[in-house]
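Following: one structure in structure tokens, then a few remarks.
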2 protein chains.
Amino acid sequence: MGTTKSEVFTEEENRISDLAKAFAHPARVAILRLLAEKKACVCGDLVDELPLSQATVSQHLKELKRIGIIKGDIAPPRVCYCIDEVVWNEAMQSFGLLFSSYLKNGCC
Amino acid sequence: MGTTKSEVFTEEENRISDLAKAFAHPARVAILRLLAEKKACVCGDLVDELPLSQATVSQHLKELKRIGIIKGDIAPPRVCYCIDEVVWNEAMQSFGLLFSSYLKNGCC
DNA sequence: CTAATTCATCGCAATATTACGATAAATATT
DNA sequence: AATATTTATCGTAATATTGCGATGAATTAG
């Protein structure tokens, strides 16, 4: 155990939970915010902005890339990271739908 | 290690990541959906609806309660769970702000 | 060609998460 | 009082996550 039983859930449930993971760590929230707000997309500057080691930041970036919400433009020796607009919008819409599916019914 | 360095992040970053954790597991997404969409709030019926053991469902409910996004009305031997409207709205607003903070700038 | 720079990855350690059977707690039913 | 119902919690096991130092890979600068 320790493993999520992904097989028994729907594609959508798994996708939403994966998208949520992008925001489920303060460092990743900070990274996504920096990338979302910056006029230009920051690169290794992220390491300077964050109170974590370069290795750790790199690992978070890898996770965000796995989810697809950011992408990296390789321009060696640098890599320029930025939000993937398509996935960002997918996340926005998915969460939007989920949040608006709540109908008050005053049961509790 | 294995522990998130919460101290070095802002309150808001920590709060958002915590709220995101509510959605960061397919079972919790399923639970929140059921509670959000149901006319009446489901109780132990959640266990029947989910492909997980009672103990596991109870653990996910505990985590959702810790975050605050659901609350349970004890009516022994049953407990009636439902969305906490205040926290649900807090999450909706926080994610809404975050998502809308993205300004396309066509860097990558 | 030799640094220097930037970033990814490896290896390790420690904690967190996920899952479940078994059991306990609390009440309603008989 | 004894039993059944419902939910929480404990204990255990396995995997995942977080974090970092060290190292490697790739390119640029000197």
Side-chain angles (χ1 to χ4, degrees), chain A residues 1-9 13-14 17-31 34-35 40-67 70-82 108, chain B residues 1-9 13-14 17-31 34-35 40-67 70-82 108:
Chain A
M1 283 129 215
T3 320
T4 294
K5 289 174 68 182
S6 315
E7 334 82 52
V8 300
F9 296 102
E13 282 157 355
N14 283 310
S17 65
D18 227 36
L19 287 170
K21 275 181 198 159
F23 299 94
H25 189 288
R28 294 199 290 270
V29 171
I31 290 172
L34 286 167
L35 293 182
C41 63
V42 263
C43 315
D45 308 323
L46 286 169
V47 177
D48 300 332
E49 299 280 349
L50 296 169
L52 296 171
S53 76
Q54 183 265 321
T56 302
V57 172
S58 193
Q59 216 167 354
H60 283 301
L61 290 170
K62 186 182 181 179
E63 173 68 0
L64 291 173
K65 261 194 298 183
R66 181 192 66 75
I67 294 164
I70 68 169
K71 53 188 176 182
D73 251 36
I74 299 168
R78 312 194 176 211
V79 179
C80 180
Y81 282 105
C82 59
C108 298
Chain B
M1 285 131 213
T3 320
T4 295
K5 290 173 68 180
S6 315
E7 335 81 53
V8 300
F9 296 101
E13 282 158 354
N14 283 311
S17 64
D18 227 35
L19 288 170
K21 274 179 199 159
F23 299 93
H25 189 287
R28 293 198 292 270
V29 171
I31 290 171
L34 286 168
L35 293 182
C41 63
V42 262
C43 315
D45 309 323
L46 286 169
V47 177
D48 300 331
E49 300 279 351
L50 296 169
L52 296 172
S53 77
Q54 183 265 324
T56 303
V57 172
S58 193
Q59 217 167 351
H60 282 301
L61 289 169
K62 185 181 182 181
E63 173 67 1
L64 291 173
K65 262 193 298 183
R66 183 194 63 77
I67 294 165
I70 69 170
K71 54 187 175 182
D73 251 36
I74 299 168
R78 311 189 176 217
V79 179
C80 179
Y81 282 105
C82 60
C108 296

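Residue numbers begin at 1 in each chain, while the letters A, B, ... track the order of the sequences.
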What class does the angle between the rings of His60(B) and His25(B) fall in, given that below 30° is parallel, 30 to 60° is tilted and above 60° is perpendicular? tilted
Could you give the distance from CG (Leu34(A)) to CG (Asp45(A)), rounded to the nearest 0.5 Å? 9.5 Å
Taking the nucleotide of DNA chain D with the nearest heavy atom to each, does Val47(B) or Arg28(A) sit closer to the 5' end? Val47(B)
Closest-nucleotide 5' rank along DNA chain C - winner of Arg66(B) and Val79(A): Val79(A)
Specify the separation, in whole Å, of atom CD of Glu63(B) and atom P of dT9(D). 13 Å
Nearest heavy atoms of Ile67(B) and Asp18(B), plus distance in Å: CD1-O, 3.5 Å
So does Glu13(B) get a backbone contact from the side chain of Ser17(B), meaning a donor-acceptor N/O pair under 3.5 Å? yes
Where do Leu61(A) and Tyr81(A) come nearest, in terms of heavy atoms and distance? CD1-CE1, 3.5 Å
Take the protein atom CD1 of Ile74(A) and the nucleotide atom C1' of dT6(C), then report the distance between them rounded to whole Å. 12 Å
For Arg78(B) and dA8(D), what is the distance between atoms CZ and P respectively, to the nearest whole Å? 13 Å
Once you round it to whole Å, what is the distance between C1' of dT17(C) and NZ of Lys21(A)? 10 Å
It should be established whether Tyr81(A) places a side-chain nitrogen or oxygen under 4.0 Å from OP1 or OP2 of nucleotide dT6(C). no
Under-4.0 Å side-chain N/O to phosphate OP1/OP2 contact, Ser58(B) with dA8(D): yes
Taken to the nearest whole Å, CG/Asp73(A) to P/dT27(D) is 15 Å
Distance-only, no hydrogens or angles: does the Arg28(A) side chain make a donor-acceptor pair with backbone N or O of Lys21(A) under 3.5 Å? yes
Could you state the NZ-P distance from Lys62(B) to dT6(D), rounded to the nearest angstrom? 22 Å
Within this structure, what is the CG-to-C1' distance between Leu46(B) and dT7(D), rounded to whole angstrom? 12 Å
Classify every nucleotide of nucleotides 19-30 of chain C by which part a protein heavy atom approaches to under 4.0 Å, writing B for the base, S for the sugar-phosphate alone and - for neither, in 5'-to-3' order. BBBB----SS--
Contact between Pro26(B) and Thr4(A) at the side-chain level, heavy atoms closer than 4.5 Å - yes or no? yes
Rounding to a whole Å, what distance do you find between Asn14(A):CG and dT18(C):P? 13 Å
